[in-house]
Structure formats: C-alpha cells, structure tokens
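Heads up: the structure comes next, in structure tokens.
Letters go in sequence order (proteins before strands), and every chain restarts at 1.
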Amino acid sequence: MKERYEFSEIETKWQRRWDDEGLFKTEDAGGDKFYLLEMFPYPSGKLHMGHVRNYSIGDVAARYLRMTGKNVLHPMGWDAFGLPAENAAIKHGIHPDIWTREHIEAMRAQLKTLGISYDWDREVSACDPGFYKWTQWIFVQFFKHGLAYKKKNPVNWCPSCETVLANEQVVEGNCERCGTAVVKKSLEQWYLAITEYAQRLLDDLDGLHWPQNVKTMQQNWIGRSTGADVDFAIEGFGEKLRIFTTRPDTLFGVTYMVLAPEHPFVAPLTEGTEYEGDVAKFLEKLQFMSDIDRTSETLDKTGLFIGRYAINPLNGKRVPIFIADYVLMDYGTGAIMAVPAHDVRDFEFAVKYGLDIVPVIDPGPDSGIDITNLDAAFVADGKMINSGRFDGMDSREGIEAVTAYIEEQGYGVGSINFRLRDWLISRQRYWGTPIPMIYCEACGWVAEKEENLPVVLPTDVVFKGKGESPLTTSATFRNTECPVCGGPGEREIDTMDTFLDSSWYFMRYTDAHNDECFAGADKLKHWMPIDQYIGGVEHAILHLLYARFFTKFLYDKGYSPVDEPFTRLLTQGMVLAETFYRDGEGGRPQWYNFSEVDLSRDEQGRIVSAVLKEDGQPVTIGKVEKMAKSKNNGVDPEELIGKYGADTLRLFVLFASPPEKELEWSEAGLEGSYRFINRVWRIVRWAAEGTDGQQGAQHSALDSDAEKELLYAMNATIKKTTADIGTRYNFNTAISSIMEFVNAMYKVREGGGVRSELMREAAEKLVLLLSPFVPHVCAEMWEALGNVQSPLLEAWPVYDETALVSETEDIAVQVNGKLRGKIVVASGLDAQGLADAAAASDEVRAMTEGLTVVKVIGVPGRLVNIVAK
RNA sequence: GCCGGAGUGGCGGAAUUGGCAGACGCACCGGACUUAAAAUCCGGAGAUUCAUAAAAUCGUACCGGUUCGACCCCGGUCUCCGGUACCA
C-alpha cells in the first residue's frame, strides 16, 4: 500500500475495472429484489451539486443493499426531450438530437467519474425512438379508452417560449421555465383525463411511505371538496342556474349570485338589455389581462350587476346576479351563491358594492363577535339562525341536513368537486414525443396504427423560434393517410409535454431493450414497484402525481402489476451556498462566487466582511441561498473531483447534513472529508503492514482491556452504521460513528495492547463499512489488505452482540432531576437493583445528606433519579 | 390569507421510546514533531460567576403547563423556510 493517498490514480483504476468486470450489471432474477431509483436528469451536459447529492445518496443505498444480499436494480437514464436543446438549435443551428446526444455523453462520463454503481446496460433516453415508441403507444391506449381528448379551451400561453403550459407549469402567474407572465389564449389542445383518477390518487396516498409534506402537497393539489349543487331559478329565464357550494348550511344567507365572466348564461341573460355594452367591456378588459395582472388584483375584486335576479329555492328570496373576476369558469359550475356574512371573498365584494349581509350562523355569546354588525366574514362553525326550519341546529350538522332537504325537495344534490384539472399535454414544440394522432375529414381524430409506431420526428425541420410548431415546416411529416379509411389524413403537429416521458420511464428500465412491448410482464412483475425512489422535492406534485396516474391507468388495463409506482420516497434537500454581491450596472446586483472573494472572520470564526480578490473592494454578504447560476454561487463538481477526488466529494455531501435536509456548501468541510479519508488510509496502511513496532502487538495478552475496547468500538459501529443506513437513511450519523471508530483505532495505535491480527480485522471491517460511501479508496484498501473480490461482493459486516455487553455500566445519578454524578454498577440491573445500588453508594449518600429521600426512580442502563426533600 | 415543516454552541449538525444536551466534523486555541512552516499525532473548549482550580448557576426561539425527569408531550406567542393562492 502506498504511503500517500493518490485519489486520481485510484479512482481511474477502479472505475475502469468496474466497467470491464461489469460489476454493476443486474440479473432479472434471484434473491430478494430491491428496485432503487434516482430521478433521471435532464441532460444539460454538466452535473451540478444537486445531482451529485441525489446520486451519492442513491449509490450508498444501492451498494449497501447489494452487500446485504439484495438483488438490486439501480439504473440511470435521460429525461432527454425539452426546450434547452431546441433553444440551442434556434440559437446555434445545432440539431437538438446532436446537441442532446453530446450532452448525454458528457454527463454519463461525469457520472462515471463519481463512481455511481449504475447498470448502464439498461440506460434509457426519452428521445430515443425505441423509447418514445412506447410513450406513443401508452398515449394511444389512453385515447382508445377515452382518456385522451382534444378540446378548445382558454389555456395558459407563454409568449416567450411560445407554447402552452400546464396549470402545474404556471408559477405565480409566470412561466415556470422563463418567468415570463403567462397569458390566456384559446386553442385546441390534447388533454389526459387525470381527473377520472382524482379520488384514487387521493385515497392511495395513505398506503405510501412518503414524507408527509409531499403527501399533503398532493392532497391539496387534488383538492377534494364536498358540498352540494343547488339550482336557482332565474326570473324571466327558462333555465335554472346551478351553483356549487361547500356550505349548504349558509343557503339562507345568500344575498346575491355571481357568474364567472365566461359563463354560458352571461350572453343570453344580457342580450338586448341595457347591460349588454358594459358586460362586453368587462369581458374585453379581462381578455387582455395576463394571469399575473389578474391575481395581483386579488384584493380588489371587480364585478358587474347584469340586471337579472335569481330566486333562492329555500326561502324564495330574490337576489341580484353579478358577473365578477373572482369566480372561475373551470371550477365547480362556474357560478356561485354569495353569502357575505360567512365567506371572506363574498364579504369583501358585498362591502365594495354595498350589498346585503345577512348572518345565518351564530358564533355564540362567548365569541365576542357582533353578528348584526360584522367587520369581517365569520367562517367558523356555530348555530344556525335566520334559517327557518333549521334554526338552532349546529352548522356542522346543518351541512348534511340542508343537503338532505334540498335533495328531497329536488332543489339540488350533494356533490364533490376536485381542484385537479385534466392534464393539458400538447406543446407547440419540436423536441418532444410526437403525438401519434391523425386528423381525417371523414373519421375525425384517429390514432396511428400501433404497428406503425413510432411516429418518428422528421429531420427536415426549420427552427425559427417563432410561430407554430416547427413540425409544420417539415415537407414530409404532416400529410399521411387515415389509418381507418385510407383517405388523406393530417398528422398532429404538436408534441407531448415531457412529463409524459417521465411518467413511465421507470418501467422501461426493467426491460430496456424490449421491442414487443414497453416492458415484459415477467420483468415488471419481478421488479415493480420501486422500493425506494430518491429525488428533489420540486417534483412533489407534477412528476410524482403524473407517474402515479400513468401507473394506475396501466394497472387498470392489465399492463402493470402494481397501481402505485413508488413505495418509499426520499426527497433530498437543496444544496445551498453563501451569496456575495455588490451593485453593478443599472443598480442590478452583481453576484460573486465565494472563490472570488476573501473573507475575514472574527475570533469566533464568524464572517464579518468580504472583499473581492480581484480588486480588494468590499462586497455585501448575502443570504445563504440555493446554488444557482443567476447567483453565481454554484460550484462545479467536476472541478472539485479534480482537486479532491470523487470519494471526498461524495463523503462531504453525505456527511454534512441528513439527506432530506438542506445542505450548506463549505469548502472547509470538504477539506475535512479529504483529511478523514487520508486518516483512514494511514491507519489501514498501518494495520495492513503491521510493521510499526510501537504497538507491541506480539507481546500483548489476549483479551486485554485495549482489545475489548477495540472490539466494542468495532461492533458498536457496525450496529449503528447498519441501522443508520438500512432503516433510517441517516448517512451523516453513520459516517460520524465510523469516524469514532477510526478515532478508537488511533487510540489503540497510540496505547498498544492489541494483537496485529485483531487490528487487521478492525481495518477490514472499517473498509467494508465505509465502502458504500467512498467506494474507490475502499476498493484499493480492500485489495491492499489481501482481498481479491470487490467490497461490493462481500457480505455486509455483522456485529457480535456479546462484544457489546460489559460487566459494568455507568449510571447517571440525579437528585430531583439534576445531574449530580455517576456510579458504576453491574450491568443489567433492573429499576429496583439500581435504586439499591444507589442507596449503597457512599457518593450518593453524600449527595442526599440532610435530605429525606421520598422516592427513587431507576431507569435500567441509564440513570437513577432520587427525589428528596 | 390558508396548509406543511423547522428554530439546539462561532458554524454544519447529534441526542432512534420522555431519561447524562451539544456525539461527529468545521473553524479556533494549546502541546509534540520540525531549523521553520505545512502536513501529521495528542489535547482543550456551551455560557456566566471565580485570578485559577474546585464548585455552583444558567442554557435547546419566547411565555406557561404536565411529569420524579421535557430539545422531545400539551396550550399560547414570535421568527424563518417550503407549498399554495380568489377552488366557492
């Protein structure tokens, strides 16, 4: 074993050898299967620290599980369709396909330099026709079963990306990708009927071992509300107005009605009346508002009386009808009953337009609320008043009672509404899976024949970056024949949202080269579901919900053996770093990377100021924020691997924080990890060579205290590391316990008294325990210790319980709950035994001198608490 | 606003079931080695009182409660982070 730890030599050596040996290949049978998956990346061409973290976490689990004898599937692939490739085509004239392939090559190479144990034979790529054939095939199944449809609707349109966005891709009124304000545009688009699955997507969250916050986010997104649909007659109008409410108990408090401006009744109700002009103006104003404008006016609701009245079926009351921007056409029925006394929005609107406020729920005398003179809506429970036959009823019960009553009277029905909308999947883009649909004058929209799939992306396309889908510029793509009647047909020129690719890719890994189907039934049965899925919390709603939806659909149609894809989910935290900035041109902050600044610290190590290395000018110390290009606070993993090695980088990322928490970047911390690996290297080298005379090994007695101590440390470490990796995924504490073990080994080297064979055994255990975290250096040390096969093929160490029991144990002694000292007692005493031992101790007697002992509480293995006066 | 989550030394973080708060690491200080430095090995360290030691007191965002005993459970308050946003 070399004296120095030469990481770059070691890492290239082992990466090459693992590749040559095919060490990470997975067989489709045998053993206890475990499907471990990290979310596949978009091939941007460069790994960032978030990737490093995600894949390091996954690799520790994969290697550990493999050592415990599991048959582990751990694959990797590419979420390879998407806008950046197309933008590159527009800007630099590179074909997206070439751009993407180059970036995949670069990123795969980077992942290999990290030493992640992927079975590359199963690599998949969303832009590969062999893959998107099956994305199209699944789409066709959706169509065949009536769950894919085309519909004209006002949709979210990003004027900068020139594409339609799903609701999920609109973040606070802006385009998720470029931040441009989103506008509404009416277009004919393809949808998938995810709402058909709303209830099941909600119910089945219960059985998943997912972080609670992710479950809650999905619950809120699906947004189930129970209530009632109620029909209101409109004076002088033939049809009834149906509204949805979650508060039937407040029906007697309705003082006006509101229709969404787009509601189909608006035109017939106002046609030819004096209100028609104003309504038209109102609608026009809304049309030109982007979503952001509309929501920024949240506090100022605007509406318009349309000159008509509705009749409350319960009390016959005549109430005015409004249109207003705060009622949405695509939720419920697009119309509401307004109860200003008990709804925050209705209250605000009523105050603004001087409408009646009639209380029907009494908060009770203790509430301090004057119900006859409300200054805000009262939305909590109470007793029903002004509600005829329901007076005096608790409002909770009232919901059911009123619903039952309106059903009985034929005024309406109980109903359930979901916030979830159908998934808009059309994109006016080139670099995505073509939607395999053909329009025929005679047959309408028909699916391409399955045997003709994939519908391949044409290459004769012009990327202008403006106007409609680039596919329209292809001379060959659009015109085809109708698969049903053989007449002329026109292909759909939009492509699919890339979230469709990621909604099923995990199934493809089980059988990545199958030409007959998206994955063989036997392979799916063997591997699915994914036992552990790991990725960023930013996918909590979109990706994870869509993937569940796809899996349920495929399950229902008999193509998937499971109806939930991800049994366990770990959402890793973000990687954060300090930010430094100063005012640049135009008052915009100019951000600096911390390698560009010099920091000065106070005596306690706090950063007090920072100056730019370049010119010595001071910069402002910003907040700790997510690593981002725009903040110039990112670090390049490739550079760090060159400087410290992949093992050091992996170790730091795993040690600095538990996986699900945020991780604060620290180069000093990274150096600490590097030092630790070196420290391990030296002690293992010492143990391997056994030549350092200091230990006096040959002369020591068997079972000396030093040996017992070392054995205790070794077994305790195995126990703790196993629990931390295997059951808790707490890699940071696993590493710290291994560090303690290393410290114990150094103590032995210093103090002697341990036979060299035992020292060697300790070193071997250490290398195995550490190998999932830092695989390269461990492979090297393992070989130096005289072993032939890779640590990955060795069995995970098992601890010896007997080494963990000692004859005596330290027991803390408390008096009235305060720590006063310690006593040494025989191991395994029960509560009474501990109390007796304490009573027998002179030391304890001294503590309680002058006091009367009232009670003694013993906690086996831990402490004795003496309650005394 | 609503829904989640979190607040522990100078810093990242431990404390797994209500039982010795601060493991492990970073930064810092000291010692050994060295001509010297780096590296390495060993050691120190929550705060306050005290010249030091011994010792005591305080201490897990804040206020209160339950308990022999609370970072942990309960009630209230504050702050930060994340999600969501007119969903009737």
Exercise. Are the charged groups of A:Lys747 and A:Glu709 less than 4.0 angstrom apart, N to O?
Worked result: yes
Problem set entry | Distance below 4.0 Å between A:Arg419 side-chain N/O and B:rC86 OP1 or OP2 | no
Exercise. Under 4.0 angstrom, heavy atoms only, what part of the nucleic acid is A:Pro658 near: base, sugar-phosphate, or nothing?
Worked result: sugar-phosphate
For this session: Return the nearest nucleotide to the side chain of A:Ile541; candidates are B:rG4, B:rG83, B:rC41.
Result: B:rG83
Problem set entry | Interatomic distance where CZ belongs to A:Phe676 and C1' belongs to B:rU40 [whole Å] | 16 Å
Exercise. Picking from B:rC24, B:rA14, B:rA88, which would you name as closest to the side chain of A:Ile336?
Worked result: B:rA88
Seminar exercise, completed: Partner of A:Val339 under side-chain contact (heavy atoms from CB on, under 4.5 Å), picked from A:Ile357, A:Val379, A:Val254, is A:Val254
For this session: Report yes if at least one side-chain N or O of A:Arg682 is closer than 4.0 Å to OP1 or OP2 of B:rC41; otherwise report no.
Result: yes
Problem set entry | N or O in side chain of A:Lys818 less than 4.0 angstrom from B:rC58 OP1/OP2 | yes
For this session: Consider the side chain of A:Ala668, meaning its heavy atoms from C-beta on, and name the nucleotide among B:rA15, B:rC26, B:rC41 that approaches it most closely.
Result: B:rC26
What pairs of donor and acceptor atoms, side-chain ones from residues 827-835 of chain A against any protein atom, are under 3.5 angstrom apart with sequence neighbours left out?
from     : atom 1 : to       : atom 2 : distance (Å)
A:Ser827 : OG     : A:Ser806 : O      : 2.5
A:Ser827 : OG     : A:Glu807 : O      : 3.2
A:Ser827 : OG     : A:Thr808 : N      : 3.4
A:Ser827 : OG     : A:Thr808 : O      : 3.4
A:Asp830 : OD1    : A:Gln832 : N      : 3.3
A:Asp830 : OD1    : A:Gly833 : N      : 2.7
A:Gln832 : NE2    : A:Asp836 : OD1    : 3.0

Problem set entry | Dot-bracket pairing map - RNA chain B, Watson-Crick plus G-U, both contacts under 3.5 Å, | cross-strand | (((((((..(((......[....))).(((((.......))))).((((.....))))..(((((..]....))))))))))))....
Exercise. Among B:rA85, B:rC86, B:rC58, which is the nearest nucleotide to the side chain of A:Asp325?
Worked result: B:rC86
Exercise. Under 4.0 Å between a side-chain N or O of A:Arg820 and OP1 or OP2 of B:rA55?
Worked result: no
Exercise. Can you find a donor-acceptor N/O pair under 3.5 angstrom joining the side chain of A:Lys855 to the base of B:rC68?
Worked result: no
Exercise. Can you check the A:Phe652 CZ to B:rC24 P distance for me, whole Å?
Worked result: 18 Å
Grab the N/O contacts between the protein and nucleotides 16-20 of chain B below 3.5 Å, and write none if there aren't any.
from   : atom 1 : to       : atom 2 : distance (Å)
B:rU16 : O4'    : A:Arg728 : NH1    : 3.4
B:rU16 : O4     : A:Lys720 : NZ     : 2.4
B:rC20 : O2     : A:Lys822 : NZ     : 2.9
B:rC20 : N3     : A:Lys822 : NZ     : 3.3

Exercise. Is it true that A:Glu809 and A:Lys822 make a salt bridge, defined as a side-chain N closer than 4.0 Å to a carboxylate O?
Worked result: no
Seminar exercise, completed: Smallest heavy-atom separation, A:Ala341 atom then A:Leu374 atom, equals O-CD1, 3.7 Å
For this session: With sequence neighbours excluded, give me every side chain to side chain donor-acceptor pair (under 3.5 Å) pair touching residues 242-260 of chain A.
Result: A:Asp231-A:Arg242, A:Arg247-A:Asp249, A:Tyr256-A:Tyr326
Exercise. Mind checking what makes side chain to side chain donor-acceptor pair (under 3.5 Å) contact with A:Lys661, not counting sequence neighbours?
Worked result: none
For this session: Under the side chain to side chain contact (heavy atoms under 4.5 Å, CB included) rule, collect the residues that match up with A:Ala734, sequence neighbours excluded.
Result: A:Thr721, A:Asp724, A:Ile725, A:Phe773
Exercise. Roughly how many Å is it from CG in A:Leu420 to P in B:rG83, rounded to a whole number?
Worked result: 19 Å
For this session: Identify whether any heavy atom of A:Ser666 sits under 4.0 Å from a base atom; if not, whether one sits that close to sugar-phosphate; answer base, sugar-phosphate or nothing.
Result: nothing
Exercise. In whole angstroms, how far is the C1' atom of B:rG12 from the CG atom of A:Leu670?
Worked result: 14 Å
For this session: Assign A:Gly672 to base, sugar-phosphate, or nothing according to its heavy-atom contacts below 4.0 angstrom with the strands shown.
Result: sugar-phosphate
Exercise. A:Phe731: what forms a ring pair (Phe, Tyr, Trp, His ring centres under 6.0 Å) with it, not counting sequence neighbours?
Worked result: A:Tyr729
For this session: Measure up the A:Tyr5 and A:Trp681 rings against each other and bin them: parallel (under 30°), tilted (30 to 60°), perpendicular (over 60°).
Result: tilted
Problem set entry | Interatomic distance, A:Lys215 NZ vs B:rG5 P [rounded to whole Å] | 13 Å
Exercise. Is the phosphate of B:rG25, meaning OP1 or OP2, less than 4.0 Å from a side-chain N or O of A:Ser673?
Worked result: no
Exercise. Whole-Å distance between B:rG82 P and A:Met574 CE?
Worked result: 6 Å
Problem set entry | Minimum-distance pair of heavy atoms, taken over all atoms of A:Thr333 and A:Ile243 | OG1-CA, 3.3 Å
Exercise. Syn versus anti for B:rG43, judged by chi lying within 90° of 0?
Worked result: anti
Exercise. Are any of A:Asn743's side-chain N or O atoms less than 4.0 Å away from OP1 or OP2 of B:rG25?
Worked result: yes
Exercise. A:Thr245 has a side chain; which of B:rA88, B:rG83, B:rA23 sits nearest to it?
Worked result: B:rA88
Exercise. Excluding sequence neighbours, so at least two apart, what forms side chain to side chain contact (heavy atoms under 4.5 Å, CB included) with A:Arg679?
Worked result: A:Arg682, A:Val742, A:Asn743, A:Tyr746
For this session: Starting from C1' on B:rG12, measure out to CE on A:Met739 and report it in whole angstrom.
Result: 12 Å
Exercise. Using atom C1' of each nucleotide, how far apart are B:rG10 and B:rA27 to the nearest Å?
Worked result: 8 Å
Exercise. When we call it a touch if two heavy atoms are under 4.0 Å apart, what does A:Asn678 touch: a base, just sugar-phosphate, or nothing?
Worked result: nothing
Problem set entry | Same-atom distance (P) from B:rU8 to B:rC81, integer angstrom | 14 Å
Exercise. Is the phosphate of B:rG83, meaning OP1 or OP2, less than 4.0 Å from a side-chain N or O of A:Asn213?
Worked result: no
For this session: Can you tell me, in whole Å, how much space there is between the C1' of B:rG7 and that of B:rC71?
Result: 11 Å
Exercise. On a whole-Å scale, what distance lies between the C1' atoms belonging to B:rC26 and B:rA14?
Worked result: 15 Å
Problem set entry | Presence of A:Tyr746 side-chain N/O under 4.0 Å of B:rC41 phosphate oxygens OP1/OP2 | yes
Exercise. B:rC28 and B:rA36: how far apart are their C1' atoms, nearest whole angstrom?
Worked result: 22 Å
Problem set entry | Spacing between A:Tyr331 atom OH and B:rA85 atom C1', to the nearest angstrom | 14 Å
Exercise. Which whole number of Å gives the distance between the P atom of B:rU48 and that of B:rU66?
Worked result: 33 Å
Problem set entry | Residues forming a side chain to side chain contact (heavy atoms under 4.5 Å, CB included) with A:Ser673, sequence neighbours excluded | A:Thr648, A:Leu651, A:Phe652
Problem set entry | P-based separation of B:rG75 from B:rG5 [nearest Å] | 13 Å
For this session: Just compare B:rA23, B:rC86, B:rC41 and give me whichever is closest to any side-chain atom of A:Arg749.
Result: B:rC41
For this session: Could you tell me whether A:Thr727 contacts a base, only the sugar-phosphate backbone, or nothing, with contacts defined as non-hydrogen atoms closer than 4.0 Å?
Result: nothing
